[in-house]
Amino acid sequence: MNIEQYKFEIVLISSFLLMIMTFIYKSTSYSTMKSDTIENKIENQEINRVIALKELWGDKKLTKKVNSIKQGVSQAKIKEFKNRNKKLKASFQDLSINELNTIIKKVTNLAISVIKLDIKYKNEKYRLELKCKW
Amino acid sequence: MRNNSRELILLHHDTKPRYTDKTVDIMLSPSLYTLTKKPLEIKYKRQAKALAPSVLDELLDEGEYSYDVFKDIDGVWVFIAYDKSKIIKLLDKFDVNRVYFAQQSFELFKHPISLNSNQALGLVDNIVTTIPKIAFGEGQRFLSFDNSFTPNSGGFKLSKSSNDFIDIKSSIILSIIFMIFAISFGVEGYGYSSTISNQSINELLEDYPSLQSKYSRDSILSKYNKIDKIERKKREFLKSISSIVKYGAKLQTLIITDKAMIVTMSIKDKSIYSDLAKSIKIKDIGNGIVEFRESI
């Protein structure tokens, strides 16, 4: 077969095939870009969530912040307050309802795990036992 | 005539031309085409070309023909039909530039041109015709054929392809169009593949190198997710208690452990209890005390 004889047809078919191949390349690149963008977005959200959770529940300043729980409560009402090794053991007595509310509010505003919270009402006063860790 | 240094070969149906590896022009003898002249009132060549099949129809045998038209010096349209495949067969292996018809240089055939030992080309009614040499008188001189017979214009490019599905011009135009599309698709595709960027993720991971590995991220996420879920539940519980207290209930006991959250409250007014029971699942344990319990 004399290839020279079909040179124009060969050029035409080659350019057509090239067009088809580049079209496939374009389509593949587009779908890859789409899926990669979605994957990146999901990964980005996941990392941001990890960072947010870590910053909230793994806050290194919590040990200091936890001491604020006893602030505003008279020493006589603090039966026990041990803040050690990222753990808190506290016990309060003779608390008024307002003092109790203040303490509970402070506890709930801190990113600490409440292991035990025990409140008892006796003789118009409240007794509170608290165990936390972070 | 055209000043042409390219060799012009006279092609006759029963004579194989001498092979040359150079590019040549071809002049077809009347044995390779059918011709008729018609003085039609047609202005444009393409109109005449469109009419050619019907004009030549009666003169042609069965077969596939290509057509060409031109005006002779009297302004009369000359219609020509030729069998391209027959010409291609004779020109196998030749590199052909352009193919002309002998009729295009008819005035040069006033003096007969020798074709072979028996035949010559001459003019009959201003039409180039194959004539037996015997028809000429004895002593008739025959001129030889050379490049000076190359016409100034006309003729056709010979595509040696086996079919006429697409001509050279169209194939070049289509190839260019396909190439333009190919380039634009390529550029677009490259654009898409280069826009895939992890820039924002990389910036985040630069600040938090410990989160580089997916494994460590998953581990941190599962640890803190669990804490977050449980602790939020406890805080929600405490929040709901304060809303109950607003109804006029008095907190008696509250215990939160790692398994359950239980609260007991005293309610003096029975109507408060029925109001509460509509919105919260509470249990009356007697003596005006209600219990509200939730598991973790």
Side-chain angles (χ1 to χ4, degrees), chain A residues 2 4-9 11-34 36-37 40 43-44 46-54 56-58 97 100-101 104-105 107-109 111-121 126 128 134, chain B residues 88 92-93 95 159-162 165-166 168 171-172 174-179 181-186 188-193 195-198 200-201 204-205 207-208 211 217 220-221 223-225 227-228 230-231 234-235 238-239 242 245 250-258 261 263 266:
Chain A
N2 190 358
E4 180 79 4
Q5 198 171 325
Y6 298 99
K7 62 184 175 192
F8 290 106
E9 283 83 353
V11 169
L12 182 65
I13 291 166
S14 306
S15 55
F16 181 73
L17 288 177
L18 184 68
M19 184 184 76
I20 296 294
M21 282 192 289
T22 53
F23 180 75
I24 293 167
Y25 166 68
K26 186 199 93 162
S27 308
T28 315
S29 298
Y30 181 72
S31 51
T32 310
M33 183 202 72
K34 272 277 193 193
D36 279 13
T37 308
N40 279 350
E43 200 179 353
N44 203 321
E46 186 194 280
I47 293 171
N48 276 317
R49 170 131 179 96
V50 173
I51 291 168
L53 284 173
K54 207 181 169 197
L56 181 67
W57 298 105
I97 185 71
L100 179 72
N101 274 339
I104 296 294
K105 213 169 189 180
V107 170
T108 52
N109 283 338
I112 51 176
S113 300
V114 178
I115 311 272
K116 188 185 173 188
L117 179 68
D118 188 356
I119 301 170
K120 281 196 172 73
Y121 179 67
Y126 288 95
L128 184 147
W134 54 94
Chain B
I88 288 167
D92 189 26
K93 292 177 186 167
D95 182 10
S159 164
K160 289 183 181 176
S161 47
S162 53
F165 177 68
I166 193 157
I168 297 166
S171 71
I172 289 170
L174 278 176
S175 297
I176 290 169
I177 292 169
F178 291 157
M179 287 304 288
F181 273 106
I183 291 166
S184 85
F185 289 151
E188 213 176 325
Y190 179 75
Y192 287 139
S193 58
T195 52
I196 300 165
S197 155
N198 296 330
S200 57
I201 293 176
L204 273 177
L205 292 177
D207 295 338
Y208 298 90
L211 303 180
R217 283 204 299 269
I220 293 168
L221 196 65
K223 176 188 165 190
Y224 286 122
N225 254 343
I227 295 172
D228 193 67
I230 294 169
E231 293 307 315
K234 288 174 187 171
R235 281 153 179 80
L238 290 170
K239 207 174 164 187
S242 41
V245 171
K250 196 164 197 176
L251 181 68
Q252 294 297 316
T253 63
L254 187 148
I255 298 173
I256 294 178
T257 63
D258 55 350
M261 300 176 287
V263 65
S266 62

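Values reported hereafter were calculated over all heavy atoms of this structure, with side chains retained and with hydrogens, waters and symmetry mates removed. Predicted, not measured: the structure shown is a model, and the values here were computed from it. To find a chain, count down the sequence lines: A is the first, B the second, and so on, and within it residues start at 1.
When each of B:Leu211, B:Val263, B:Ile176, B:Ile230 is checked for heavy-atom pairs under 4.5 Å with chain A, B:Leu211 comes out on top. If you tally non-hydrogen atom pairs under 4.5 Å between each of A:Asn48, A:Ile112, A:Ile13, A:Thr28 and chain B, the highest count goes to A:Ile112. Your options are A:Ile47, A:Val11, A:Leu100, and the one with the most heavy-atom pairs under 4.5 Å with chain B is A:Ile47. Residue with the most contacts toward chain B among A:Lys116, A:Glu46, A:Lys105: A:Glu46 (heavy-atom pairs, distance under 4.5 Å). In terms of heavy-atom pairs under 4.5 Å with chain B, the best-connected choice from A:Ile51, A:Ile24, A:Ile20 is A:Ile51.
Side-chain contact between B:Ser175 and A:Phe8 is absent, with no heavy atoms from C-beta onward closer than 4.5 Å. Between B:Lys250 and A:Ile97 there is no side-chain heavy-atom pair separated by less than 4.5 Å. For the pair A:Val107/B:Leu238, no side-chain contact is recorded, criterion being any heavy-atom separation below 4.5 Å from C-beta on. Residues B:Asp228 and A:Arg49 form a side-chain contact, since some pair of their non-hydrogen atoms from C-beta on lies under 4.5 Å apart. In this structure, A:Leu12 and B:Phe178 have side chains that are in contact, with non-hydrogen atoms separated by less than 4.5 Å.
Within the model, atoms OG of A:Ser15 and CD1 of B:Ile183 stand 10.5 Å from one another, a figure rounded to the nearest 0.5 Å. For the atom pair B:Lys234 NZ and A:Ser113 OG, the distance stands at 6.0 Å (nearest 0.5 Å). Distance CD1/A:Ile104 to CZ/B:Arg235: 10.5 Å, rounded to 0.5 Å. Taking CZ of B:Phe185 as the start and CE of A:Met21 as the end, the distance is 13.0 Å to the nearest 0.5 Å.
Within 6.0 Å of OH on A:Tyr25 lie more than 12 heavy atoms contributed by other residues, nucleotides or ligands.
In this structure, chain B has a heavy atom under 4.5 Å from the side chain of A:Leu56, while its backbone stays farther away. Contacts between B:Asp207 and chain A at a heavy-atom distance below 4.5 Å are absent for every atom of the residue. Only the backbone of A:Ile115 comes within contact range of chain B, judged by heavy atoms closer than 4.5 Å.
Checked by atom type and distance alone, the side chain of A:Tyr126 pairs as donor or acceptor with a backbone atom of B:Leu251 at under 3.5 Å.
Across all non-hydrogen atoms, the minimal contact from A:Thr22 to B:Gly186 is CB-N, 3.9 Å.
Only one option out of A:Asp118, A:Ile119, A:Leu117 pairs with B:Ile256 in a side-chain contact (heavy atoms from CB on, under 4.5 Å); it is A:Leu117.
Listed by chain and residue number, A:Leu53, A:Lys54, A:Trp57, B:Ile220, B:Ile227 satisfy the side-chain contact (heavy atoms from CB on, under 4.5 Å) test with B:Tyr224 (two or more places apart in sequence, or in another chain).
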